[in-house]
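Only one structure is covered here, and it is reproduced in the block below.
Start at 1 and go down the list; that is how both ligands and their atoms are numbered. What you see is a predicted model, and the numbers here were worked out from it, not measured in a lab.
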Amino acid sequence: MNEKQLAAEKSIEFIKNGMIIGLGTGSTVYFLVNKLAELINNGLSVKCVSTSVQTTKLANSLSIEIFDFNELDYIDLTIDGADEVDSNLNGIKGGGGALLFEKIVASNSKQIIWIVDASKVVKTLGKFPLPVEIVPYGYKSLFKKFTDFGYKPILRKKDNGVYLTDSENYIIDLHLEEIQNSIELEMKIKMLPGVVEVGLFNNIADVVIIGKGESTQIIKRK
Ligand code: 5RP
């Protein structure tokens, strides 16, 4: 089993009958959704909310019903991947472009677990380009601001066009290399008109499950 699958399958132990579950997005969550489908087939009863079109399609293909978040008052547990995580359990997310819905779902969840392979654990955040979701209107002015701040922005592209999120926004990836104060940076970027969401997830994860070699390591927020 690879490290992503190990972490994903370990996270299943946190799921209890009757829970409302938030499903993240990405290649690690892929293993979670597959295992969850197996358990639902064997009688587990949960309600699921999705953070992306990609996860909804995967879940539906495995006969997992996805509920409209507006029909639910809260989420018991969200399990999601991450692109980088530090020892304070702060992280960068949005490599898969789903940061906006992921943050909305996370901020309405009683408990949040991230499932990652060992390569995602870092001392300092920032090597992974920081995704910022922005509205397309006037995006060049934001791009210029990021350039002036020294953030080395790159507009995300796909198939020779501009990448569009599920909300039809753009993503600018900031090549920062090192983030010294992730809370300050999140605030600074979020304040800029045109910014919808920042891929900095500070003080959000409660538990991180790391797939490491042949086993898993669980880190809990202190
Ligand atoms: C998507 C995300 C993903 O959780 C993150 O990119 C990790 O993905 P993967 O599990 O494929 O490495 O934030 O927006």
In terms of its nearest heavy atom to atom 9 (P) of ligand 1, the top option of A7, S27, G97 is S27
Just wondering, are more than 12 heavy atoms of other shown residues or ligands nearer than 6.0 Å to OH in Y30?
-> no
Looking only at protein heavy atoms, what sits closest to atom 10 (O) of ligand 1 is T28 OG1, 2.5 Å
Atoms of ligand 1, numbered as shown, that sit under 4.0 Å from any heavy atom of T25 = 1 (C), 2 (C), 3 (C), 4 (O)
So is G26 polar-close to ligand 1, meaning N/O to N/O under 3.5 Å?
-> no
Would you call K103 and E133 a salt bridge, using N to O less than 4.0 angstrom?
-> no
Which atoms of ligand 1 sit under 4.0 Å from any heavy atom of G94?
-> 2 (C), 13 (O), 14 (O)
Atoms in ligand 1 flagged as close to D80, the criterion being non-hydrogen separation under 4.0 Å = 4 (O)
For atom 1 (C) of ligand 1, state which one of E102, E84, K93 supplies the nearest heavy atom.
-> E102
Picking from T25, T56, T78, D166, what satisfies side-chain hydrogen bond (donor to acceptor under 3.5 Å, both in side chains) with T51?
-> T25
Go through the side-chain N and O atoms of S167 and N169 and say whether any donor and acceptor fall under 3.5 Å apart.
-> no
So which bit of A82 gets within less than 4.0 Å of ligand 1, heavy atoms only: side chain, backbone, both or neither?
-> backbone
Ligand-residue contact atoms, ligand 1 with G81, heavy atoms, under 4.0 Å = 4 (O)
Find the distance between CG (D76) and NZ (K110) and round it off to the nearest 0.5 Å.
-> 5.0 Å
Shortest reach to atom 5 (C) of ligand 1 by a heavy atom, considering only L99, L32, D83, V29 = D83
If we number the atoms of ligand 1 from 1 as shown, the ones under 4.0 Å from a heavy atom of K120 are 7 (C), 9 (P), 12 (O)
Any idea which atoms of ligand 1 are less than 4.0 Å away from a heavy-atom of A98?
-> 14 (O)
CZ of F67: more than 12 outside heavy atoms within 6.0 angstrom?
-> yes
Is a salt bridge present between E197 and K190, judged by a nitrogen-to-oxygen distance below 4.0 Å?
-> yes
N/O donor-acceptor pair under 3.5 Å between Q5 side chain and F31 backbone = no
